[in-house]
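Note that ligands are numbered from 1 as they come in the structure, with each ligand's atoms numbered from 1 the same way. None of these values were measured; they are calculated from a predicted model.
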Amino acid sequence: MKDKQPNAVRVGILMGSDSDWPVMKAAVEALKEFGLTAEARVISAHRTPRDLEQYASSARERGLRVIIAGAGGAAHLPGVTAAFTTLPVIGVPMLGPALAGMDALLAIVQMPPGVPVATVGINAARNAGLLAAQIIGSGDPALQARLDAFKEKLAAESRAKNRTLVP
Ligand code: RP5
C-alpha cells in the first residue's frame, strides 16, 4: 500500500554526525532528481546505538526501500544498520582528518560474510543516491525510464568532451 503513495519516503539517510551532512546531502539531491523522497537522521552506532536498532529494525515496515549510511573514522554505522535489517544498505565512507578516509572505507567495505553493505567511494554520497534510485528502479518501470534517460545524458556529455581535444 505504501508503495502506491507517490511522495512516500523511500530512502533513509543516516549519518554519524551533523558534520557529515555537507557531504551526505548530495545523496538527497540525487534522489530528488528522480522524484524520490528521502529522510535524513543523525544516528551514531557508538553514541546512540539503541536509536540505531530502533530505526533500522522498523525501517521496512515504515515503507523505506533502501538505507544510505555515511560515517567517518571507526565507521560502524552502515554495518550495524545492516545487522538490524534486510533492506539494502549503502555505506558512504567519510573523508576524515587522520587517515584520508581509508579508515572509514575499510571499516565499511570489509563486512563479514552474510551481512553485506554496498560501499561507494570516499565521500561519494551522490553515487549512493544514484545506486539507491537504481535499486528502487529495478521494480518500477517509470523510474527505470528516467534512469535510462540519465545514462543517455551522461553518454552524450562524455562524447561532447571530444570536441575540446586537438584533432
Ligand atoms: C563519525 O565521526 C561521524 O560519522 C563523523 O564522520 C566523525 C566525526 O564526528 P563529529 O566529531 O563531527 O561528531 O562518527
Side-chain angles (χ1 to χ4, degrees), residues 2-3 7-140 143 147 150 154:
K2 282 175 182 150
D3 265 12
N7 295 321
V9 175
R10 296 273 177 255
V11 181
I13 298 186
L14 301 181
M15 62 209 86
S17 176
D18 58 353
S19 61
D20 300 323
W21 177 240
V23 171
M24 291 305 291
K25 67 183 180 186
V28 180
E29 285 155 13
L31 289 160
K32 264 191 209 156
E33 289 173 29
F34 296 95
L36 292 167
T37 308
E39 63 182 20
R41 302 274 186 280
V42 171
I43 300 181
S44 166
H46 305 118
R47 295 164 176 156
T48 54
R50 292 186 177 86
D51 296 2
L52 179 56
E53 178 180 5
Q54 165 65 23
Y55 184 93
S57 59
S58 64
R60 180 186 295 283
E61 71 195 31
R62 292 195 305 105
L64 297 190
R65 303 282 301 281
V66 181
I67 296 176
I68 297 171
H76 296 114
L77 181 63
V80 177
T81 301
F84 286 120
T85 183
T86 53
L87 290 175
V89 176
I90 303 170
V92 185
M94 291 290 129
L95 178 64
L99 296 166
M102 288 302 291
D103 43 359
L105 172 63
L106 297 177
I108 294 173
V109 80
Q110 289 290 11
M111 286 297 291
V115 190
V117 167
T119 309
V120 295
I122 296 166
N123 275 4
R126 177 170 171 77
N127 259 4
L130 294 174
L131 181 56
Q134 290 182 194
I135 290 168
I136 297 168
S138 67
D140 178 338
L143 176 53
L147 288 159
F150 172 71
L154 276 185

Straight-line distance of R62 CZ to S57 OG, nearest 0.5 Å: 10.0 Å
Is the shortest heavy-atom distance from the side chain of V117 to the side chain of T81 under 4.5 Å? no
In Å and rounded to the nearest 0.5 Å, what is the CG to CD1 distance from D103 to I122? 8.5 Å
Do the side chains of R65 and I135 get nearer than 4.5 Å, heavy atoms only? no
Please round to the nearest 0.5 Å and tell me the distance separating atom CD1 of I90 and atom CG of N127. 9.5 Å
Residues which pass side chain to side chain contact (heavy atoms under 4.5 Å, CB included) with A38, listed by chain and number, not counting sequence neighbours: V11, I13, L31
Within the 4.0 Å heavy-atom sphere of ligand 1, strictly under, residues: G16, S17, S19, D20, R47, A71, G72
